[in-house]
Structures are given as structure tokens and as C-alpha cells.
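Below is one structure, written out as C-alpha cells; the observations come after it.
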Amino acid sequence: MAESMQGLKRSHRCAEVSKGNLGEQVTVMGWVQKTRNKGGLIFADLRDRSGLLQITFNSEKISEETFNQAYKLRSEFVIAVTGTVVEREGGVNPNLLTGEIEIAAETLRVLSEAETPPFPIEANSRTKEELRLKYRYLDLRRPDLQANIMLRSKVCMLVRTFLAEEGFLEIETPMLTKSTPEGARDYLVPSRVHPGSFYALPQSPQIFKQLLMCSGYDRYFQIARCFRDEDLRADRQPEFTQIDMELSFVDVDDVIDVNERLLAKIFREATGVEISLPIQRMTWQEAMDRFGSDKPDLRFGMELHNVTDVVKDSAFVVFKGAIEAGGSVRGINVKGQGGMPRKKIDALVEFAKGYGAKGLAYIAINEDGTYKSSFAKFMKPEEMDALATAMEGEPGDLLLFAADKNKLVYDVLGALRLELASQLELFDKDEYRFVWITEFPLLEWSEEQGRYLAMHHPFTMPMEEDLPYLETEPGRVRAKAYDIVLNGTELGGGSVRIHQDDVQERMFAALGFTKDAAYEQFGFLLNAFKYGVPPHAGLAYGLDRLIMLMAKENSIRDVIAFPKVKDASCLMSEAPNRVDEKQLEELAIAVMTAPDGQE
RNA sequence: GGCCCAGUGGCUCAGUUGGUUAGAGCGUCGCCCUGUCACGGCGAAGGUCGAGGGUUCGAGUCCCUUCUGGGUCGCCA
């Protein structure tokens with residue numbers, strides 16, 4: 001039976017009661033975690049988001065009616081207890097914040113009874129995620145998830161405080177906006193008033209924040225929801241949150257400076273982690289050459305070696321062919337793994353093939369200095385020695401080589417490096433290694449579309465010294481773009497934007513846009529730029545990823561209150577769902593699938 | 001769209017080469033217990049082995065299809 005709480009007022013959260021309250025009468029409310037019934041004495045652990053507090057119901061000290069009520073308490077009942085804070089008689093529980101005290105209950109109200117939950121409400125749950133997500137409101141009661149959600153709230157509060165002090169204004173931008181075909185797929189929202197026309201949910205507030213710069217709000221930020229209709233991953237959800245900012249009259253160093261101080265503050269105050277400033281910077285080219293990735297994990301070595309020059313005259317056709325086709329041969333040295341069984345090496349070869357490699361060449365250096373290799377028969381002994389030397393190979397090492405186009409070699413070795421580090425546990429899980437990656441290529445050649453695409457977006461400013469090559473050698477133009485990377489995860493990124501219309505026109509030309517096509521898509525931005533636009537630059541963080549790393553979780557689902565699963569549906573609400581014919585009619589939409597979802 | 005992993009009482013799992021009545025721990029329910037906190041004692045209930053089909057004298061186990069969830073490649077300016 002559920003009772004009213006009329007006349008009662010909660011005085012403390014459970015874990016807010018402390019030794020300082022000894023002798024006081026308090027009223028606490030929460031969920032029953034567990035009861036331990038000793039016959040004439042009942043213990044109940046009461047839980048809320050602050051933690052646990054032990055309540056005792058003593059048959060000799062309270063009314064028979066209250067005791068009988070306590071006898072019937074079950075897990076997850078919501079109760080209100082008034083009682084006195086006392087020291088524990090039976091010894092302290094060092095595992096509990098409130099382990100030295102307990103509440104000697106005087107009155108008890110059962111505010112709500114509860115069925116037995118489908119899985120245990122406890123930290124470190126081993127329950128299948130499918131079930132947890134179906135009953136997300138129960139999953140969210142678990143202490144580790146509550147800690148994550150509270151951490152997230154704290155970080156948002158710190159971000160707002162810091163940026164406000166730095167002169168930023170928090171401004172909202174529209175959720176119903178305009179679809180643009182560049183980039184990710186948009187989520188579309190039909191317009192009732194304009195049959196056949198659609199809004200798009202924003203992939204990011206990019207254009208609007210640039211317009212705010214045009215309007216003179218020289219420092220803007222927003223904790224903004226963004227939407228992308230692409231396939232999910234452990235660190236990708238169809239809707240996610242960005243800490244988005246834009247600044248006027250600044251260059252790269254200004255943006256980096258304010259963001260380093262922001263990161264230092266939130267890590268210090270939310271997690272106690274000190275970041276030493278300034279954060280290391282590395283160009284995109286260096287990151288690719290050394291780590292095969294534009295988001296390198298710097299917590300361990302195993303860097304790439306370019307051995308193209310060493311093997312360019314060898315008879316091994318795999319190496320030779322790749323080099324002649326304009327590619328390269330690079331390798332990583334897996335220290336001390338020369339004894340790796342053939343089966344495991346084969347598994348690594350398969351792993352590499354998953355990234356498009358045709359194979360993986362290897363040399364295991366035996367303890368006596370001899371080689372066990374997949375391609376030694378094609379090589380002269382002195383070539384093998386030179387290769388081992390170039391790789392800094394020592395007895396007991398395993399050398400792995402990829403030979404192909406540069407991009408593929410980077411991808412394969414970059415992924416292999418991470419895979420091996422994870423298998424061999426080469427990094428410290430408590431370490432936070434930040435790095436700024438700078439000087440990204442402005443453009444990326446798309447084989448599929450037969451034209452250059454913007455690596456970041458079409459408003460990214462080229463580096464001044466590379467501007468002359470925009471028409472002649474677009475591929476070598478670097479951008480004033482930067483990413484902040486933490487432990488191999490891209491936390492955020494941004495750029496200086498183009499504010500000169502001649503540069504913007506050249507950029508669109510490089511992308512193969514006609515002036516008309518550019519105006520069709522971004523006309524309101526280009527028009528705005530005619531009326532006085534300040535130089536500006538910005539950055540956006542993936543808030544979910546940031547919290548995931550701070551909370552040491554492996555998936556952003558564990559830091560989002562109500563996440564979606566792989567096919568972008570919600571197991572709890574069962575969204576998305578089919579809608580009434582009437583609703584569709586009103587929106588002038590015809591659906592091509594039958595009601596059961598079959599084509 | 002491709003590849004890989006998982007699905008067995010409420011939860012987490014075991015289940016041998018295909019062979020009797022599918023087991024365990026936790027939880028749940030009942031009785032007992034005044035210092036427990038992974039409480040304890042005694043007892044009990046609880047299963048279409050994700051679904052469908054096939055092979056077989058016989059399928060949780062082998063084969064095919066399919067559903068669900070996870071990881072990943074493609075994709076994500």
C-alpha cells in the first residue's frame with residue numbers, strides 16, 4: 001500500500017547524514033536496497049543518489065504496527081523514515097560513507113511498493129545491456145550510472161561557469177533547420193504547412209554560430225544537441241551533445257589557449273586529474289607518420305618506421321610493387337613478441353586484412369639473432385639486416401610490415417598498433433595523454449566522387465603560406481584546423497574560418513561547386529559575409545566522449561541517460577514507431593513499406 | 001551492406017563425442033533468528049534451452065533460415 005508523504009519533509013539525502021548529526025532526529029526518504037531481518041531487529045539499507053544509509057527497526061523500541069510494516073519491506077520499496085542518528089552498535093562498515101552511523105527508526109511510511117526488479121540494482125552490473133536498456137529507468141538507479149550522470153552534470157556546470165567568466169554568451173540555435181547534402185545524412189522533419197518540404201535536425205550549429213559572429217556576439221557557446229543519421233558505434237549515437245563555441249578576432253593560438261584552460265579546470269575540479277599546460281602539439285603529418293592515425297594514443301610507443309628507402313631495391317614484389325605504385329612500406333616493432341605463435345600472427349594478418357591490407361609481412365628476430373620471416377627468401381641477408389636495423393629490431397622482437405598506398409599503410413599499422421597495445425596491455429588506464437593535432441589537410445580526394453571534399457567543412461581557412469597551391473595542388477594545402485585528442489579518442493575539433501569572400505570563392509571552386517550551387521546551399525551565410533564579417537574561429541567537443549573518458553567507460557551509452565541501440569531504436573520507448581495514416585496524410589507523406597515493415 | 005561474438009529458470013553462467021528426469025550461484029517465496037552489512041539456518045517454487053525448419057532411434061549440443069543485442073569495416077563534411 002502506498003502512503004502519502006503529507007506532513008513529512010526530507011531533511012537529508014542518505015549519505016549526507018554524518019557523525020555530525022549524532023543525536024539529531026532526521027527524516028530520510030529513498031529506495032530500500034536490501035533488508036536483513038534478524039527476527040526482533042530489522043536492518044534496511046536505504047538508497048538514494050547520494051549513497052546508502054543503514055536504518056534499524058527495533059521491535060522493543062517502536063510500535064508493533066511500525067515493526068510489522070518494516071517486516072514487510074522489500075527491495076526497491078520507496079519509504080520515508082524518521083528516526084535518530086546513532087552510532088552503530090555492531091561495529092563500523094568501512095565500505096560505506098555512512099558506515100559509522102545508522103538511523104534508529106521511529107516512524108516508517110511506505111510511499112510506494114515495488115515488484116522485484118528484472119535485474120539487480122547494484123554497481124558493476126553484469127546484466128546484458130539489452131535488458132538494462134529496456135528497463136533504463138531501473139538501470140539508471142545503479143550507483144555507477146548515477147555517478148556518470150552526476151559527473152556529466154558537474155562538467156556542464158563547470159563549462160558554463162568557466163566560459164561565462166571568459167566572456168562567452170550562451171545562445172541557442174534552431175533545432176529545425178535546413179538540410180545540406182554535404183556531410184552526414186540528415187534527420188528530416190516534414191513540414192505540415194509546406195507539404196513536400198522538410199526541415200533537417202542540425203548535424204552541428206556550425207553555420208548559425210558563424211552567423212552569430214557576423215552579428216557581433218564575439219564569444220558564443222552552447223551545449224548543443226546534434227543529430228546524424230549514420231550507423232552507430234560504441235562512441236557514436238544518432239543524437240549526441242557538443243560543447244560548441246566560436247570566437248571573433250582570434251587565431252589558432254587564442255582558441256587553443258582558452259580551451260587548454262577549460263580542459264584543465266574541468267579535469268581538476270570534476271576528477272582531480274591535473275593536466276600540465278601547455279598541451280603537446282603535433283602536426284597531422286607527424287601524427288600519421290609516427291602513429292598511423294590523426295588521433296594518436298600517446299600512452300605507449302610502437303611507432304611506425306618508414307622503411308621504403310631500405311627495401312626499394314629488394315626483389316620482394318609486394319614491397320617493390322607498392323613503392324612503384326607511389327605507396328610506401330612501413331612497419332612497427334612489437335617489442336619482445338618475437339616468440340609469438342604462428343597462429344596469433346595469422347590472426348594479426350586477418351586483422352590487417354579487415355582494414356584493406358592484402359597481407360602483412362613479418363620478421364621475428366630469434367634470441368640468437370637469426371630471422372624467422374614470411375619473406376626472407378626474397379631478400380638478401382644484408383637487406384634483412386638493414387631492415388632490422390632500420391626498425392631498431394633486437395633479438396626477441398617481432399617486426400610487422402605493411403606495403404600499399406600511404407593511406408592504407410597508415411590505417412593498417414595505426415589499427416594494428418592499437419590492437420596490439422590492447423592485447424599486450426601496454427598502457428596505463430589511469431593516464432591522460434592529451435595532444436593537439438594541427439595543420440590538417442584542407443581537402444581530401446574522393447575516389448568515389450572524383451573530386452576533392454572538405455576534410456573538415458567548406459568554411460575552413462587554408463594556411464596562408466599554402467594559399468597559392470589551392471588551384472594548382474589542392475591536395476597539399478593545409479588548413480588552420482585542430483583536433484584535441486585524448487588517449488586515442490578525438491575529443492573535439494575546430495578551425496579558423498574563412499572570412500574573406502575571395503578565399504571562400506576559391507575554396508568552393510576547389511570543391512567543384514559552382515557559385516550558384518554554393519548559394520543554393522549556404523546562401524544565407526555567404527550573404528551575411530557581404531555585410532562585415534570578423535575573423536573568427538571555433539571548436540566543438542563531443543561531450544559524451546569527454547564524459548566517457550573521464551568516467552573510464554568504454555561506451556558513451558554509459559554516460560547518456562537514455563541512449564539508443566545499434567539500429568538507432570530505443571529499447572525502452574520503442575521509438576521510432578509507425579504513425580497514423582491520418583498524420584501522414586496531413587504531412588502529405590506516402591510510405592512505401594507495408595505496416596508490418598516488409599517491403 | 002560485409003565480417004566477428006553472444007542468446008539455457010528473474011539475473012549471471014556450466015552443460016563433455018548427440019544419449020536417463022537440463023544443473024549451479026545469486027535472487028524470489030514460506031518459516032525461524034536482536035547487531036547484521038556478500039547476514040545466517042531450514043524448506044519450496046521456478047525452464048517451449050531466442051524462434052522456425054532439417055538430419056537422427058534420439059538435438060541445448062550438428063546443419064539451414066531467421067530474430068535480438070554487442071563489436072567492427074564501410075559510413076560518420
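Each chain gets a letter, A, B and so on, in the order the sequences are listed, and its residues count up from 1.
Taking 3.5 Å as the limit, the base of B/C37 and the side chain of A/Arg88 contain a donor-acceptor pair of atoms between them. Donor-acceptor pairing under 3.5 Å, judged by distance alone, is present between the side chain of A/Arg233 and the base of B/G74. In this model, no side-chain donor or acceptor of A/Arg228 finds a partner on the base of B/C75 within 3.5 Å. Checked by distance alone, A/Ser59 brings a side-chain donor or acceptor within 3.5 Å of a matching partner on the base of B/U34.
The shortest distance between the side-chain N/O atoms of A/Arg126 and the OP1/OP2 oxygens of B/G27 is not below 4.0 Å.
Proximity note for A/Lys128 (side chain, C-beta onward) versus B/U28, B/G70, B/U12: the nearest is B/U12. Side chain of A/Ser75, nearest nucleotide from B/G35, B/A77, B/U28: B/U28. Side chain of A/Lys38, nearest nucleotide from B/G74, B/G35, B/G69: B/G35.
Here A/Glu60 lies in heavy-atom contact (under 4.0 Å) with a base. Within 4.0 Å (heavy atoms only), A/Asn58 reaches at least one base atom of the nucleic acid. No engagement by A/Glu419 is indicated, since no non-hydrogen atom pair under 4.0 Å with the nucleic acid exists.
Distance noted for atom P between B/G50 and B/G9: 8 Å (whole Å). With both ends at atom C1', the span from B/U17 to B/G25 equals 28 Å, rounded to whole Å.
Pair assignment for B/A44: B/U28, on the basis of Watson-Crick or G-U wobble contacts that are both within less than 3.5 Å. In this structure, B/A6 forms a base pair with B/U68, meeting either the Watson-Crick or the G-U wobble geometry with both donor-acceptor distances under 3.5 Å.
Heavy-atom neighbours of A/Arg36 CZ from other residues, nucleotides or ligands within 6.0 Å: above the threshold of 12.
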